[in-house]
> 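My questions all concern the structure below.
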Amino acid sequence: MRHLKTAIGLVLTAVMLFPVYWMINVSFTRDQDMRKSPPNWFPVDGTLEGYRAVLDQQLPYLGVSLVVGLGTVALTLLLAAPAAYSLAKLRPRGGGALSFVLLIAQMIPGIIMAMGFYAIFLSTGVLNTVPGLIVADSTLAVPFAVLILTTFMSGIPEELLQAARTDGAGVVRTFWSIVLPVSRNSLITVSLFAFLWAWSDFIFASTLDQGGDHQPITLGIYHYIGNNNQEWNAIMATAVIASIPATVLLVVAQRYVAAGVTAGAVKD
């Protein structure tokens with residue numbers, strides 16, 4: 001029975017990963033072999049032309065996405081960590097209502113938020129700018145981050161914080177020296193999700209940065225498909241390169257993410 005479950009798991013995993021494999025295979029396939037029937041299951045007579053085209057044309061888009069992703073992470077942590085500490089340990093008046101509002105905020109469709117941001121950014125002059133895109137992407141990550149961090153910080157023993165206060169630490173010092181180091185796994189978790197949301201965002205990018213001089217990789221792929229709809233090796237090479245940062249982050253941070261997501265789910 002165990003071997004049957006393992007076999008079924010392997011088959012399902014292969015099915016789910018097949019599009020990724022095919023994307024990589026096509027990225028190395030020559031243009032004249034694209035419509036071959038039956039298709040090559042492996043990149044026979046492979047070529048690197050698609051990757052050369054990507055490196056020549058898509059690097060600026062990748063750089064912008066990296067800046068937007070890191071900016072979104074920084075802004076998310078800057079806002080979410082103090083807010084979560086306040087809700088978890090300082091317990092301000094109206095904290096329950098604020099948590100409910102944050103939960104509701106995650107249910108608002110992205111296109112609705114994008115239209116609202118468009119009107120605001122147009123009047124404030126930040127439309128088609130990287131800072132505007134960072135602010136917009138952060139609105140997706142901050143509510144999630146506050147909820148995750150609040151759950152974890154609520155489980156920090158009060159004795160630990162009381163010992164810091166006894167030693168003369170104030171609220172800010174306790175937060176900086178005690179709470180943040182203890183919350184490392186949860187901070188890494190929300191940082192990873194914030195980066196991935198910003199990296200893969202298309203709705204905000206296409207609505208708020210369509211005419212900007214600096215556009216993220218999602219728009220780069222979109223424009224590239226429109227301009228080169230016959231060069232599928234270059235299109236797939238773009239997708240492969242765009243997937244590398246997210247894949248590397250997931251592999252490196254997976255154990256922290258597992259610990260951060262489950263933090264606060266059980267009590268000792």
> Which pair of heavy atoms, one from Val146 and one from Ala84, lies closest together, and at what distance?
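Closest pair (atom of Val146, atom of Ala84, distance): O-CB, 3.8 Å.
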
> Locate the shortest heavy-atom distance separating Ser123 from Ile120; write the atom from each residue and the value.
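Nearest pair, atom of Ser123 first, then Ile120: OG-O, 2.8 Å.
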
> Going from CG on Asp137 to CD1 on Ile203, what distance comes out if it is rounded to the nearest 0.5 angstrom?
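Between Asp137 CG and Ile203 CD1, I get 10.5 Å after rounding to 0.5 Å.
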
> Within the side chain of Ser177, is there an N or O that forms a donor-acceptor pair under 3.5 Å with the backbone of Thr174?
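Absent.
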
> Flag the pair Phe152 / Asn185 as yes when at least one side-chain heavy-atom distance between them is below 4.5 Å, and no otherwise.
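Not touching, per the 4.5 Å side-chain cut-off.
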
> Would Leu122 end up clustered with Ile112 when hydrophobic side chains under 4.5 Å apart are linked, directly or stepwise?
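Yes.
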
> Taking all heavy atoms of Ile134 and all of Val67, pick out the closest pair and write down the distance.
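Closest pair (atom of Ile134, atom of Val67, distance): CD1-O, 4.1 Å.
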
> Do any N or O atoms from the side chain of Ser186 and from the backbone of Ser183 form a donor-acceptor pair under 3.5 angstrom?
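Not at all, since once roles are kept as given, no pair shorter than 3.5 Å links the two residues.
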
> With side chain to side chain contact (heavy atoms under 4.5 Å, CB included) as the test, would you mind laying out the steps for Val240 and Met23 before giving the verdict?
CA-CA 7 Å; Val240 170; Met23 176 179 69; 3.8 Å; yes

> Please report the C-alpha distance between Ile156 and Lys89 in whole Å, then the side-chain angles of each, then the deciding distance to 0.1 Å, and finally whether the side chain to side chain contact (heavy atoms under 4.5 Å, CB included) criterion is met.
CA-CA 9 Å; Ile156 298 177; Lys89 293 302 182 183; 4.1 Å; yes

> Do NZ/NE/NH1/NH2 and the carboxylate oxygens of Glu49 and Arg30 come within less than 4.0 Å?
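A salt bridge is absent here (no side-chain N lies under 4.0 Å from a carboxylate O).
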
> Is any side-chain heavy atom of Gln58 closer than 4.5 Å to one of Ile241?
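Not touching, per the 4.5 Å side-chain cut-off.
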
> CZ/Arg52 to CG/Asn233 distance, rounded to the nearest 0.5 angstrom?
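If we round to the nearest 0.5 Å, Arg52:CZ and Asn233:CG are 11.0 Å apart.
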
> Evaluate the ring planes of Trp22 and Phe18, with Trp represented by its six-membered ring, and classify them as parallel (under 30°), tilted (30 to 60°) or perpendicular (over 60°).
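Ring orientation, 0 to 90° scale: parallel.
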
> Are Trp199 and Ile217 packed together at the side-chain level, in the sense that at least one heavy-atom pair is separated by less than 4.5 angstrom?
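With C-beta onward as the side chain, the pair touches.
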
> When rounded to the nearest 0.5 angstrom, what distance separates CD1 in Ile235 from CD1 in Ile221?
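Reported value, rounded in 0.5 Å steps: 9.5 Å.
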
> Can you tell me how the ring of Phe175 sits relative to the ring of Tyr85, calling it parallel under 30°, perpendicular over 60° and tilted otherwise?
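Judged by the thresholds at 30° and 60°, the geometry between Phe175 and Tyr85 is tilted.
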
> Under a 4.5 Å side-chain heavy-atom rule over Ile, Leu, Val, Met, Phe, Trp and Tyr, are Trp176 and Met153 clustered together?
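Same hydrophobic cluster.
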
> Return the OG to CZ distance between Ser191 and Arg184, rounded to the nearest 0.5 Å.
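It is 12.5 Å, given to the nearest 0.5 Å.
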
> For a quick test of reading the model, state the closest non-hydrogen atom pair linking Ala88 to Ser154 and the distance between them.
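Ala88 and Ser154 have their closest heavy atoms at CB-OG, 3.5 Å.
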
> So which atom in Leu249 and which in Leu192 form the shortest heavy-atom distance, rounded to 0.1 Å?
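Taking every non-hydrogen atom into account, CB-CD1, 3.5 Å.
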
> Find the distance between CG (Leu10) and NZ (Lys5) and round it off to the nearest 0.5 Å.
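One gets 14.5 Å once the value is rounded to the nearest 0.5 Å.
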
> Return yes when atom CG of Asp56 has more than 12 non-hydrogen atoms of other residues, nucleotides or ligands closer than 6.0 Å, and no otherwise.
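Enclosed.
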
> Provide the closest heavy-atom pair for Ala194 versus Thr72 in the form atom of the first, atom of the second, distance.
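Shortest heavy-atom contact: O-CG2, 3.9 Å.
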
> For Tyr51 and Phe28: C-alpha separation, side-chain torsions, deciding distance, then whether ring-ring contact (aromatic ring centres under 6.0 Å, His included) applies.
CA-CA 8 Å; Tyr51 288 92; Phe28 288 106; 5.0 Å; yes

> Kindly say whether Thr29 contributes a backbone atom to a donor-acceptor pair with the side chain of Asn25 at under 3.5 angstrom?
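Side chain of Asn25 to backbone of Thr29, a donor-acceptor pair under 3.5 Å: no, none is there.
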
> With a sphere of 6.0 Å drawn around CZ of Arg165, does it hold more than 12 non-hydrogen atoms of other residues, nucleotides or ligands?
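Yes.
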
> Going hydrophobic residue to hydrophobic residue with side-chain gaps under 4.5 angstrom, can you get from Ile8 over to Met16?
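No, no single cluster joins them.
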
> What class does the angle between the rings of Trp197 and Phe144 fall in, given that below 30° is parallel, 30 to 60° is tilted and above 60° is perpendicular?
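Perpendicular, since the angle between the ring planes exceeds 60°.
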
> A side-chain contact here means heavy atoms from C-beta on lying under 4.5 Å apart; do Asp209 and Thr129 qualify?
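No, their side chains stay 4.5 Å or more apart.
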
> Applying the 4.5 Å side-chain criterion to the ILVMFWY set and letting contacts propagate, would Val101 and Ile148 be lumped into a single cluster?
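Looking at the clustering, Ile148 is in a separate group from Val101.
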
> Indicate if Leu90 and Leu78 have the same hydrophobic cluster label, given that clusters are the connected sets of ILVMFWY residues with side-chain heavy-atom separations under 4.5 angstrom.
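Cluster IDs for Leu90 and Leu78 differ.
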
> If you define the side chain from C-beta out and look only at heavy atoms, does anything of Val179 sit under 4.5 Å from Leu161?
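Counting from C-beta outward, Val179 and Leu161 do come under 4.5 Å.
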
> Could you please spell out the steps behind the side chain to side chain contact (heavy atoms under 4.5 Å, CB included) verdict for Ser99 and Leu87?
CA-CA 8 Å; Ser99 297; Leu87 291 174; 3.9 Å; yes

> Are Phe204 and Leu140 close enough that some pair of their side-chain heavy atoms sits under 4.5 Å apart?
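Yes, their side chains come closer than 4.5 Å.
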
> Under the 3.5 angstrom rule, does the side chain of Ser27 hit a backbone N or O of Ile24 as a donor-acceptor pair?
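Yes, Ser27 side chain to Ile24 backbone: donor-acceptor pair under 3.5 Å.
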
> Within the side chain of Thr151, is there an N or O that forms a donor-acceptor pair under 3.5 Å with the backbone of Leu147?
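Yes, Thr151 side chain to Leu147 backbone: donor-acceptor pair under 3.5 Å.
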
> Not counting sequence neighbours, which residues clear side chain to side chain contact (heavy atoms under 4.5 Å, CB included) with Pro143? List them please.
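Only Leu102, Ala105, Gln106 meet the side chain to side chain contact (heavy atoms under 4.5 Å, CB included) criterion with Pro143.
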
> With the side chain counted from C-beta on, respond yes when Leu62 and Leu59 share a heavy-atom pair under 4.5 Å apart, and no when they do not.
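Yes - at least one pair of side-chain heavy atoms lies under 4.5 Å apart.
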
> Can you find a pair of side-chain heavy atoms, one from Thr218 and one from Asp201, that are under 4.5 Å apart?
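No, their side chains stay 4.5 Å or more apart.
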
